[in-house]
Amino acid sequence: MLIRIPPRSRCDSSEITPESVYLSRRRFMGAGAALLGSAALPVWAQAQAPASGYEGVEPGNPPGWFAQKLDGARWKAMEVAGESITPFQDASHYNNFYEFGPDKGDPAANAGGLPTEPWTVKIDGAVGKPGQYSLEDLVQPHTLEERIYRMRCVEAWSMVIPWLGFPLGDLLKRAEPSSKAKYVSFETLSDPEHMPGQKSRFGLIDWPYREGLRMDEAMNPLTILAVGMYGRVLPNQNGAPLRLVVPWKYGFKGIKSIVRISLVEEQPYTTWQNLAPNEYGFYANVNPQVDHPRWTQARERRLPSGLFSPNVRDTLMFNGYGDEVASLYQGMDLAKYY
Ligand SMILES: Nc1nc2c(c(=O)[nH]1)N[C@H]1C(S)=C(S)[C@@H](COP(=O)(O)O)O[C@H]1N2
Ligand SMILES: [Mo]
């Protein structure tokens, strides 16, 4: 089966899951770990071989509700035209997740034991319907969509990752934000027993890790909460079981393992801005014209990247999503609000 690649990034709301993909999904999930190698891949991923990015993807150990949500998922809801998906091996072994250590390999090595089920998310603040939800109940009303997005870390490396998630805005609407809801604040789990980095106050981070968005950024259709990637449940090192993805911002805005979402009136505390406000701003929009004080942001290393094939490319304004988001910042001095 050949897959039509759209000419450029776009959201296609009319696309529905073809039956063949639906059926292959059922096989994929039903057979679970018994399926190995390419047989475990969705049909369209097999069709893209070689170098589809899906080599070595395993089903993981998803909870029952996840398999059900996959059945109804909308595949390839959004793509990055002409750019390869980063191999799963890189996306799941070159990570930033300081709760599990400072090195890129630490999250994959140390996050496996984090209990992600059951998982509760609190929604509070300026909303008509605050509450505590099991992750299953939180996701239940939403259709999972596959969003293939560029991911640009502030450290000047980047990937292309196929996430599985749903628009954050749909969740927020259900909570009925009041007129006082001007920003959204997010918090990662506190669990020093399973997150060794939280014991050491590594890098002077004031745990838990926190992030935030302006309300209109949170409601933008590109902003998603992800529960999976590469057609499977999120690996722990990538922020299981629930993480934020904001593709036009630097990767550190994509807070992992979220336990609390609060609607607030004032611009919220965010971890990196608090650590080094002259280096990391609240907005953190990808911007090749505003350099980090210690390095240029005009270029990036696209993974996989090696000594002999560094795979360097120009960084795009708003990470290539300007059509969708530039209007959010009209009239703002982006050198000041970096
Ligand atoms: N809780 C938490 N979330 C986090 C981080 C972290 O250290 N802790 N690192 C951020 C940074 S700097 C990046 S680049 C991305 C990396 O996501 P990935 O490992 O899935 O590629 O996660 C972000 N979310
Ligand atoms: Mo990052």
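These numbers come from the heavy atoms of this one structure, side chains and all, not from hydrogens, waters or symmetry mates. Ligands are counted one by one from 1 in listed order, and the atoms in each one are counted from 1 as well. Computed from a predicted model, the values in this text were never measured in an experiment.
The closest approach between any non-hydrogen atom of Arg243 and ligand 1 is below 4.0 Å. Under a 4.0 angstrom heavy-atom cut-off, Gly254 registers as being in contact with ligand 1.
Salt-bridge annotation for Glu79 and Arg147: absent, with no side-chain N of the basic residue lying under 4.0 Å from a carboxylate O of the acidic one. For the pair Glu266 and Lys182, the salt-bridge criterion is not met [side-chain N within less than 4.0 Å of a carboxylate O]. A salt bridge between Glu145 and Lys76 is absent, with no side-chain N of the basic residue lying under 4.0 Å from a carboxylate O of the acidic one.
In the hydrophobic clustering of ILVMFWY residues, with side-chain heavy atoms under 4.5 Å counting as a link, Leu242 and Val259 come out together.
Ligand 1 has no nitrogen or oxygen under 3.5 angstrom from a nitrogen or oxygen of Trp157. For Trp272, no nitrogen or oxygen atom sits less than 3.5 Å from a nitrogen or oxygen atom of ligand 1, counting backbone and side chain alike.
The ligand atoms of ligand 1 that sit less than 4.0 angstrom from a heavy atom of Thr188 are 1 (N). Close contacts between ligand 1 and Cys153 involve ligand atoms 14 (S) [criterion: under 4.0 Å to a heavy atom].
The protein heavy atom nearest to atom 21 (O) of ligand 1 is Met151 CE, 3.1 Å. Of all protein heavy atoms, the one closest to atom 15 (C) of ligand 1 is Gly251 O, 3.5 Å. Nearest protein heavy-atom contact of atom 7 (O) of ligand 1 is Tyr98 N, 2.8 Å. Nearest protein heavy-atom neighbour of atom 9 (N) of ligand 1: Asn96 O, 3.2 Å. When only non-hydrogen protein atoms are considered, atom 3 (N) of ligand 1 lies nearest to Lys256 N, 3.2 Å. Nearest protein heavy-atom contact of atom 6 (C) of ligand 1 is Tyr209 CE1, 3.4 Å.
Outside the 6.0 Å centre-distance limit, the rings of Tyr329 and Tyr337 are not counted as a close aromatic pair. Taking the six-membered ring for Trp, Phe186 and Tyr209 have ring centres at least 6.0 Å apart.
With a 4.0 Å cut-off on non-hydrogen atoms, Lys253 does not touch ligand 1 at all. Using a 4.0 Å cut-off between heavy atoms, Glu99 contacts ligand 1 through its side chain alone, with no backbone atom that close.
Between Phe166 and His142, the ring planes lie parallel to each other; the angle is under 30°, not in the 30° to 60° tilted range. The aromatic rings of Trp295 and His292 sit parallel to each other, their planes meeting at less than 30°, with 60° as the upper class boundary.
Panel note: side chain Glu300, backbone Gln297; no donor-acceptor pair is recorded below 3.5 Å.
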